[in-house]
Amino acid sequence: MNTDMKYRPVTYIGPTVIKYGLFKNKTFKGGIPYNYPSFKGLFNKCPLFSRLFVEPGRLGKAKNNLTAKGTAENQAAAQIIEYVKKEAK
């Protein structure tokens, strides 16, 4: 990812996780929210989490990749779902 991407808008395309305030299609105008308080643990526990934040120009392709097995987006979504399930136990 380009370093100036850090401050460009991105949209979260992963599954909705209410506990973390994660809603599909939520846009973050300041780039990937690495310092967003409720997300800090997710970035540490789910290394692919950042792949679910997509710049507007890649949105269509990235959303298609969510359902394509083996893609980074698909694996990232699965990783988040698995983490949330484990946490709920």
Side-chain angles (χ1 to χ4, degrees):
M1 181 180 299
N2 191 335
T3 52
D4 49 314
M5 254 314 291
K6 196 175 185 179
Y7 302 106
R8 291 186 183 165
V10 293
T11 300
Y12 173 74
I13 61 168
T16 295
V17 184
I18 295 171
K19 175 180 179 177
Y20 291 104
L22 277 172
F23 298 93
K24 188 174 228 164
N25 297 318
K26 183 174 183 175
T27 299
F28 296 85
K29 65 180 181 177
I32 297 176
Y34 291 109
N35 293 318
Y36 200 75
S38 63
F39 299 167
K40 282 186 179 184
L42 287 173
F43 284 109
N44 293 331
K45 306 274 188 208
C46 303
L48 296 175
F49 181 49
S50 64
R51 298 299 301 241
L52 297 173
F53 294 90
V54 181
E55 60 190 357
R58 290 191 52 244
L59 208 48
K61 176 136 178 78
K63 283 185 175 184
N64 287 337
N65 285 348
L66 277 174
T67 57
K69 287 203 181 275
T71 62
E73 293 86 355
N74 179 269
Q75 292 175 352
Q79 193 176 66
I80 289 293
I81 291 167
E82 188 63 31
Y83 176 74
V84 171
K85 282 181 182 177
K86 283 182 185 176
E87 216 179 34
K89 289 182 180 181

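From a predicted model like this one, the values you see are computed outputs, not experimental measurements.
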Asker: Should I13 and Y83 be counted in the same cluster of Ile, Leu, Val, Met, Phe, Trp and Tyr side chains packed under 4.5 Å apart?
Answerer: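 They do share one cluster, since a chain of ILVMFWY contacts under 4.5 Å joins I13 to Y83.
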Asker: Looking at L59 and V54, what are the two nearest heavy atoms and their distance?
Answerer: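 Minimum heavy-atom separation between L59 and V54: N-CG1, 3.8 Å.
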Asker: Are any of the side-chain nitrogens in E87 or K45 under 4.0 Å away from the carboxylate oxygens of its partner?
Answerer: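 No.
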Asker: Can you see which heavy atom on A77 is nearest to which on L66, and at what distance?
Answerer: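 It is CB-CD2, 4.0 Å.
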Asker: Please give me the minimum heavy-atom distance between P47 and Q79, naming the atom from each residue.
Answerer: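 Minimum heavy-atom separation between P47 and Q79: N-OE1, 3.3 Å.
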Asker: I'd like a table of donor-acceptor pairs (distance under 3.5 Å, sequence neighbours excluded) in which one partner is a side-chain atom from residues 22-31, with atom names and distances.
Answerer:
unit_1 : atom_1 : unit_2 : atom_2 : d
N25    : OD1    : K63    : NZ     : 2.8
K26    : NZ     : G21    : O      : 3.4
T27    : OG1    : T11    : OG1    : 3.2

Asker: Have a look at I32 and tell me which of F53, F49, F39, Y12 forms a side-chain contact (heavy atoms from CB on, under 4.5 Å) with it.
Answerer: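 So the option named by the test is F53.
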Asker: Testing the basics here: between I80 and L42, what is the closest heavy-atom pair and its distance to 0.1 Å?
Answerer: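 Closest heavy-atom pair between I80 and L42: CD1-CD2, 4.3 Å.
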Asker: List the atom of V10, the atom of E55, and the distance in Å for their closest heavy-atom pair.
Answerer: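 Distance-wise, the nearest heavy atoms are CG1-N, 4.2 Å.
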Asker: Under a single-linkage definition using a 4.5 Å side-chain heavy-atom cutoff for Ile, Leu, Val, Met, Phe, Trp and Tyr, are I81 and F43 assigned to the same hydrophobic cluster?
Answerer: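 Result: no, two separate clusters.
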Asker: Could you tell me which non-hydrogen atom of T67 sits nearest to which non-hydrogen atom of N64, and how far apart they are?
Answerer: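 In this case the closest contact between T67 and N64 is OG1-O, 3.1 Å.
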Asker: Within the structure provided, determine whether V84 and K19 are in side-chain contact (heavy-atom separation under 4.5 Å).
Answerer: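 The answer is no, as the side chains (C-beta and beyond) never meet within the 4.5 Å cut-off.
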